Amino acid sequence: MSSFDENDAFEGASLSARAIAARPAPYLDELNPAQRAAVEALDGPVLMLAGAGTGKTKALTARIVHLLNTGRAQPNEILSVTFTNKAAREMKDRVGRMLGQAVEGMPWLGTFHAICVKLLRRHAELVGLKSNFTILDTDDQIRLLKQLIAANNIDDKRWPARQLAGIIDHWKNRAWTPAQVPGSEAGAFNNRGTELYDQYQTRLRELNAVDFGDLLLHVVTIFQTHEDVLAQYRRWFKYILVDEYQDTNVAQYLWLRLLAGEHKNICCVGDDDQSIYGWRGAEVGNILRFEADFPGAQVVRLEQNYRSTPHILAAASGVIAGNEDRLGKTLWTEAESGEKLRLIGHWDGEEEARWIGEEIEALQRGTRRLPPFDLDQIAILVRASHQMRAFEDRFLTIGLPYRVIGGPRFYERLESRDAMAYFRVVVSPDDDLAFERIVNTPKRGLGDKAQQTIQGIARANGVSLVDGARIALANGDIKGKGGAALRQLVDDLARWHDLTRGPLLAFDEDDTAVIDDGPAPQPRFGDPDLNHVELAQIILDESGYTAMWQNDKSPEAPGRLENLKELVKALEQFDNLSGFLEHVALIMDNAQGDDGAKVSIMTLHAAKGLEFPVVFLPGWEDGLFPSQRSMDETGLKGLEEERRLAYVGITRAEQLCTISFAGNRRVFGQWQSQLPSRFIDELPEDHVEVLTPPGLYGGGYGAASPMQSGLETRASEANVYNSPGWKRMQDRSSARPQSQSRESRNTVIDLKAVSAYTVGDRVFHQKFGYGAVLGIEGDKLEIDFDKAGIKKVVARFITGADDVPF
DNA sequence: GGGCTGGATTTTTTT
DNA sequence: AATCCAGCCC
């Protein structure tokens, strides 16, 4: 590392500072005064307080371009960190567009985690790792902790691994190594937390693995203990930019301070009112303290909002004003006043979903006051993911296309994880956790006993499980059917492993390679005759994994096979299996096919940074939102975070925002009556149109008539809510005919599709599985599903059972 | 060793 | 309601 040479390092830069310095700077003219001030204050610490929808990303990218344009830095001397891959991608795109294809790449623009992986690969040996360490996901982490808990004779019923994982994660977020955990935490996990944390870290090192928290923790440790390394990067990263600064945790904060320590050219962008990740270690204090941390910091406030109507902004401001701990901003806009927020109560969650479904269809057609909307201009934002279900069920029945964002993520699905475990053992045969996962999947007759034998032998000989298995076989410790299957597996693994190591094609040519002469970057092997995509397919087929699902009669099996197919296809975009595996470990967001217009359903957390013309915010009920748990665990602090979540939700809307709540909701399969959220009382009356009469939820709203709505809320339906008492309402809602307002769309297509089926046909449905057609009603089929019971479903959501993939 | 059953337990939010 | 796990029986 000492041979680091700055001149060398610069050679990789893809464009010369001088070449662009001569360019004009049209991007500056497109900024408002505040944005421009934030962009032009290049030196020294800058805090950009950017309210929702105030052009934060625009300012941030303009700043990067300005740094390049003025010749202050080369692309690879700017460190810019984001939290999500999506944000990183967007910034890269926008910088490229602003500069006009000039920049080959910004190697140090990425998420905290992705950047830390790069750094850690280069200095792994300083924390006792090899540079090809694997990154464990939560699942592996839990299994490892379970083993540790068992080894320590702790009752995992009373002290579950999940809890320990949470504690350790919390400590890592605060940048505490086992030795640094303060005494005040000694009581954690029945007084054994610290000790187990220590054991866990040791085990990780043995496995040459890290978990998510380690990525930051290790890098911070390296910076703290190796001045020369730190000095190198301090010189290297001349300018630092941080997005979503309000979400940084202590470890990230330390990391930034260490790097910015000398030149202090750090620009942090954030909005204290949008800090919603306290539960995972984010410290709002970081942003609140910025001026104290960096004396002489310039603070720029972006307050002109370009997204929402005044009513929406006013409502959001009214709610967030209830928080004590904030720096304070006043958002304003030049937009026309537009629609008020709409508020409506429902009998229960299903009714809420039904109503929203009808509203969406009305919005599609167009209403008196608003233009017609496309489905992808509409979003439903929920507090907790279990709320999504009611909407999915409803939308499937009425045939309304929707997309769940951030739901059960592709790479987290069982079959994806199994397949990737195979890839992992093939790539690195000493990945014990992956081996454990696949050794008996599909079933090979290798149960607990055989696995324990392997474990024991591996431990006794200090080798990996795969090698342990080899020894066990050689000793004749595992015989019979299981033994034969194990022999087959072990041989296959070795064979596949050899196939990954064709001739050496190249070294990682990522331009970060020039930063130092540390450990060699990931070598790229390849075999011109057999690419990794084919190899992956071979692994899945020859291992019997594909066959396992083909023989599986459960309704999910076809979907899983489909996912496997997709997984293999996803490999095409990578150079090799290990590149793919690293991508998956870091990039858990699934960029699903954006085919066609669909309503988006997602959590409020997932919605941060997004915007939609029309937003529905269902489930505003005390206990659900604000979440009871959040209030129980962190009291007022938790409530304030929930309130910020409400603020985030409302400010996602550009033109129309509808808040709703239900009087009854099923929780854990049990009906529970609900009270409207306290946040509803905090909405400023002048900016809200109440579609619900007073009395229904006991709030303080006056006599606003539901009839005033310019939308197609049917008078008859609105009247329901004018009648006092729950009972009448219930009668009405159950008596109301299944909505007739939707047939207009796609009738022709649906009828055609319907005609493809006759009673008795075996069919398949993505969500409900296999079933048989009972009857045909209009554009819908009545189907008796094997697992899900009798349901009516629109025909185009159905496939003939024979047409199912695989 | 594997599969089934009944009982407990779950629901925040995620890089 | 749905999933997960331990314990039981084959």
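Note that the structure is a prediction, hence the values are computed from the model and not measured. Below, all heavy atoms of this structure are taken into account, side chains as well, without hydrogens, waters or symmetry copies.
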Does a side-chain N or O of A:Thr603 approach OP1 or OP2 of B:dT14 to a distance below 4.0 Å, or not? yes
Holding to side chain to side chain contact (heavy atoms under 4.5 Å, CB included), I want the full list of residues that pass it with A:Arg162, two or more places apart in sequence or in another chain. A:Ile142
Out of B:dT15, B:dG1, B:dT13, minimum distance to the side chain of A:Ala450 belongs to B:dG1
Aromatic-base stack, A:Phe668 on B:dT10, cutoff 5.5 Å, angle under 30: yes
Integer-rounded Å distance: B:dT15 C1' and A:Ile276 CD1: 13 Å
Quick check: A:Tyr253 with A:Trp255 (ring centres under 6.0 Å apart)? no
Position toward the 5' end of DNA chain B (nearest nucleotide), A:Gly445 or A:Asp169: A:Gly445
Would you measure the distance from the P atom in B:dT13 across to the matching atom in C:dC4 and give it in whole Å? 15 Å
Side chain to side chain contact (heavy atoms under 4.5 Å, CB included) filter on A:Glu415, not counting sequence neighbours, yields A:Arg413, A:Tyr545, A:Trp549, A:Arg560, A:Asn563, A:Leu564
Between A:Gly669 and A:Leu446, name the one whose nearest nucleotide on DNA chain B is closer to the 5' end. A:Leu446
Table of protein N/O atoms under 3.5 Å from nucleotides 3-7 of chain B N/O atoms:
none

Residue A:His386, side-chain heavy atoms: nucleotide from B:dG2, B:dT11, B:dT14 that is nearest: B:dT11
Residues from residues 616-625 of chain A sitting under 4.0 Å of DNA chain B, heavy atoms only? none
Which protein N or O atoms sit under 3.5 Å from an N or O of nucleotides 2-7 of chain C?
unit_1 : atom_1 : unit_2   : atom_2 : d
C:dA2  : OP1    : A:Arg389 : NH2    : 3.4

Could you tell me whether A:Glu350 atom CD has more than 12 heavy atoms of other residues or ligands within 6.0 Å of it? no
Checking A:Asp211 now: which residues fulfil side-chain hydrogen bond (donor to acceptor under 3.5 Å, both in side chains) with it, not counting sequence neighbours? A:Lys172, A:Tyr200
In whole angstroms, how far is the C1' atom of B:dT15 from the CD atom of A:Gln252? 8 Å
Under the side chain to side chain contact (heavy atoms under 4.5 Å, CB included) test, residues paired with A:Ser627 that sit two or more places apart: A:Arg383, A:Arg629, A:Ser630, A:Glu642
Take atom CD of A:Gln451 and atom C1' of B:dG2, then tell me their distance rounded to the nearest Å. 13 Å
Mind calculating the distance between CZ (A:Arg162) and P (B:dA8) to the nearest angstrom? 21 Å
Strictly below 4.0 Å, N to O, side chains only: are A:Lys637 and A:Glu640 in salt-bridge contact? no
Checking A:Asp632 now: which residues fulfil side chain to side chain contact (heavy atoms under 4.5 Å, CB included) with it, not counting sequence neighbours? A:Gln628
To the nearest angstrom, how far is A:Leu136 atom CG from B:dT14 atom P? 21 Å
Answer yes or no for this row: A:Trp279 ring on B:dT13 base, centroids under 5.5 Å, planes under 30°. yes
Is it true that A:Arg417 and A:Asp137 have a side-chain N and a carboxylate O under 4.0 angstrom from each other? yes
So, is A:Asn440 near the phosphate of B:dG1, with a side-chain N or O under 4.0 Å from OP1 or OP2? no
Listed by chain and number, what are the side-chain hydrogen bond (donor to acceptor under 3.5 Å, both in side chains) partners of A:Arg326, not counting sequence neighbours? A:Asp273
To the nearest Å, how far apart are A:Gln387 CD and B:dT11 C1'? 10 Å
Among all residues two or more places apart in sequence or in another chain, which pass the ring pair (Phe, Tyr, Trp, His ring centres under 6.0 Å) test with A:Phe133? none
Just jot down the salt bridge (Lys or Arg N to Asp or Glu O under 4.0 Å) partners of A:Asp140, sequence neighbours excluded, or say none. A:Arg143, A:Arg424
Which nucleotide wins on minimum distance to the side chain of A:Thr84, given the candidates B:dT15, B:dG2, B:dT14? B:dT15
Let me know the distance between CZ of A:Arg643 and P of B:dT13, rounded to the nearest Å. 22 Å
Residue pairs meeting salt bridge (Lys or Arg N to Asp or Glu O under 4.0 Å), one or both in residues 664-680 of chain A, sequence neighbours left out, come to A:Glu352-A:Arg665, A:Glu621-A:Arg665, A:Asp622-A:Arg678
Spacing of A:Asp247 atom CG relative to B:dT13 atom C1', expressed in whole Å: 12 Å
